[in-house]
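Per chain, numbering begins at 1; letters A, B, ... match sequence-line order. Only heavy atoms go into these numbers, but all of them, side chains included; no hydrogens, no water, no symmetry mates.
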Amino acid sequence: MDVNEIKLLLGKFYKGETTSDEELNLRNYFCGDDVDACLSEEKEFFIACQKAFCPPDIDKDTFISLNKNLSKHIDQWNMIEKVSQRKARTISLRWIAGVAASLLIIFSFSFYINNYHQKTEQAKQNTYSNPQDAYAETQRALMKFSLSLNNGLDKVNKINN
Amino acid sequence: MKKILIIMVMVLSCNMIFAQDALFKKYSNTNGVSTVYISKALLGMMPKMNAGNKDVSKIAGKLDRLQVLSCERPSLVPSIKNNAIAYYNKYKYVEMMNLNENGEITLIYGKSHGHGKNEFVLLSIEKDEINIVNIYGNVTLKDIKQIANQRN
């Protein structure tokens, strides 16, 4: 394509009148190597507008090294993410284990105390082996307790009245 | 810090449990002092018996233990009285009643142990006699009050 034709197409392009084929022709021209010197400014502007379609002018080696660097960084980021995830998991597991161990100790201790208390209660010898005697003593003790309580309450009632 | 606090609470609760019967144990083998211990197992048998008073049987079935200490040896009365009052104050029993009538002092202490379990103590002190009745179980003062009321 000659320079005049390109200038004509550019004029249409800036007015927004180009077809998709014409835009493709412009893109191919400006992304190519043999752009006329008088259109160098136009090239920069056009490429800036068409960044998505025209890859930047980089050589193959630079591209490969950039690609490698990027891959290396991505690998490093992945590694850091994995390590931090593992650390977080380890910390949460430790925390859970700590809580579980504490609960186990508390439950074991209370079970032991409860069991011990029950055993000592059972181990205590009853004063009476005969339920009739035990009943008589219980009745006597509870009656004494009740009478004393009622006596005190009566005194309070009398004072109130 | 939290671990130390938990351990301290455990040790204290342990001490509290073991110390509950210290008073009765102290005088269990003393001349002139008689102690009575009736377990839950024996108290549980009472409702099955043909007892004349149903209310006592009913309340007896709710008890976990009943302990009585009686002393008719005048020389021991002040010592038991002082020890008992010091003991119930030390273990934070609530003094519910204090009646002084004609030289006879009647004290009622109470303590809630949680899960509906209560402990009530009657301390009856006369010049030459002292009686302590300690009941522990799912009972309330209202239950105890009703024993004499319903019998009358």
Side-chain angles (χ1 to χ4, degrees), chain A residues 91-92 94-161, chain B residues 2-3 6-7 9-10 13-14 17-18 20-21 34-43 45-46 48-49 51-53 55-57 59-60 63-68 96-99 101 104 106-108 120-124 131 133-135 139 141 143-152:
Chain A
I91 288 165
S92 62
R94 271 186 198 164
W95 193 81
I96 291 166
V99 170
S102 308
L103 285 174
L104 189 70
I105 290 168
I106 290 166
F107 281 121
S108 311
F109 193 79
S110 37
F111 178 76
Y112 169 77
I113 292 294
N114 194 32
N115 210 19
Y116 185 88
H117 191 48
Q118 279 179 357
K119 274 185 182 172
T120 47
E121 284 287 321
Q122 284 168 2
K124 275 181 200 163
Q125 281 193 337
N126 277 301
T127 309
Y128 303 105
S129 54
N130 181 2
Q132 291 282 0
D133 295 338
Y135 177 77
E137 180 62 28
T138 305
Q139 194 178 31
R140 193 191 68 79
L142 288 175
M143 191 54 67
K144 184 176 173 58
F145 206 130
S146 186
L147 286 170
S148 300
L149 178 65
N150 282 313
N151 187 30
L153 292 171
D154 286 345
K155 294 271 184 284
V156 175
N157 286 336
K158 274 180 191 171
I159 292 164
N160 286 341
N161 291 331
Chain B
K2 277 183 186 172
K3 283 177 188 172
I6 290 168
I7 292 165
V9 168
M10 283 175 170
S13 61
C14 194
I17 289 164
F18 294 148
Q20 271 179 16
D21 297 322
S34 66
T35 55
V36 172
Y37 173 83
I38 300 171
S39 70
K40 185 180 174 67
L42 209 53
L43 287 161
M45 289 169 76
M46 290 177 193
K48 293 169 194 164
M49 292 163 44
N53 191 324
D55 289 309
V56 174
S57 306
I59 289 165
L63 297 178
D64 285 354
R65 67 160 190 264
L66 186 140
Q67 285 171 289
V68 180
M96 294 175 153
M97 199 180 89
N98 188 336
L99 180 71
E101 191 181 35
E104 184 184 342
T106 306
L107 289 160
I108 292 179
F120 295 107
V121 183
L122 170 73
L123 206 63
S124 175
N131 287 290
V133 179
N134 183 312
I135 58 175
V139 284
L141 267 189
D143 293 332
I144 298 167
K145 183 177 171 282
Q146 281 171 352
I147 298 169
N149 281 349
Q150 292 193 9
R151 208 186 186 197
N152 292 334

Asks: What residues, two or more places apart in sequence or in another chain, satisfy side-chain hydrogen bond (donor to acceptor under 3.5 Å, both in side chains) together with B:Thr106?
Replies: none

Asks: Indicate the atoms forming the closest heavy-atom contact of B:Met97 with A:Gly152, along with that distance.
Replies: SD-CA, 3.6 Å

Asks: Does any heavy atom of chain A fall under 4.5 Å from the side chain of B:Leu66, the backbone, both, or neither of them?
Replies: side chain

Asks: Considering only heavy atoms, which portion of B:Ile144 lies under 4.5 Å from any heavy atom of chain A: side chain, backbone, both, or neither?
Replies: both

Asks: Please tell me if the side chains of B:Ile108 and B:Val121 come closer than 4.5 Å, counting only heavy atoms from C-beta onward.
Replies: no

Asks: I'd like to know which of B:Thr35, B:Leu99, B:Leu63, B:Leu42 tops the heavy-atom pair count under 4.5 Å against chain A.
Replies: B:Leu42

Asks: Give a yes or no answer on whether the side chain of A:Ser148 reaches the backbone of A:Lys144 with a donor-acceptor pair at less than 3.5 Å.
Replies: yes

Asks: What part of B:Leu122 gets closer than 4.5 Å to chain A, counting heavy atoms only: side chain, backbone, both or neither?
Replies: both

Asks: Highest number of heavy-atom pairs under 4.5 Å with chain A: which of B:Lys40, B:Met96, B:Glu101?
Replies: B:Glu101

Asks: Quick check on the interface: out of B:Asn98, B:Val133, B:Ile38, who has the most heavy-atom pairs with chain A under 4.5 Å?
Replies: B:Ile38

Asks: Between B:Val68 and chain A, which part of the residue has a heavy atom less than 4.5 Å away: side chain, backbone, both or neither?
Replies: side chain

Asks: Is it the backbone or the side chain of B:Ser34 that comes under 4.5 Å from a heavy atom of chain A, or both, or neither?
Replies: neither

Asks: Output the distance between atom CZ (B:Arg65) and atom CG (B:Asn134), rounded to the nearest 0.5 Å.
Replies: 5.5 Å

Asks: Measure B:Asn131 against the heavy atoms of chain A and call it side chain, backbone, both or neither at under 4.5 Å.
Replies: side chain

Asks: Can you give me the closest heavy-atom contact between B:Phe120 and B:Val139, atom names plus distance?
Replies: CE1-O, 3.5 Å

Asks: Does any N or O in the side chain of A:Asn150 come within less than 3.5 Å of the main-chain N or O of B:Lys145, such that one atom is a donor and the other an acceptor?
Replies: yes

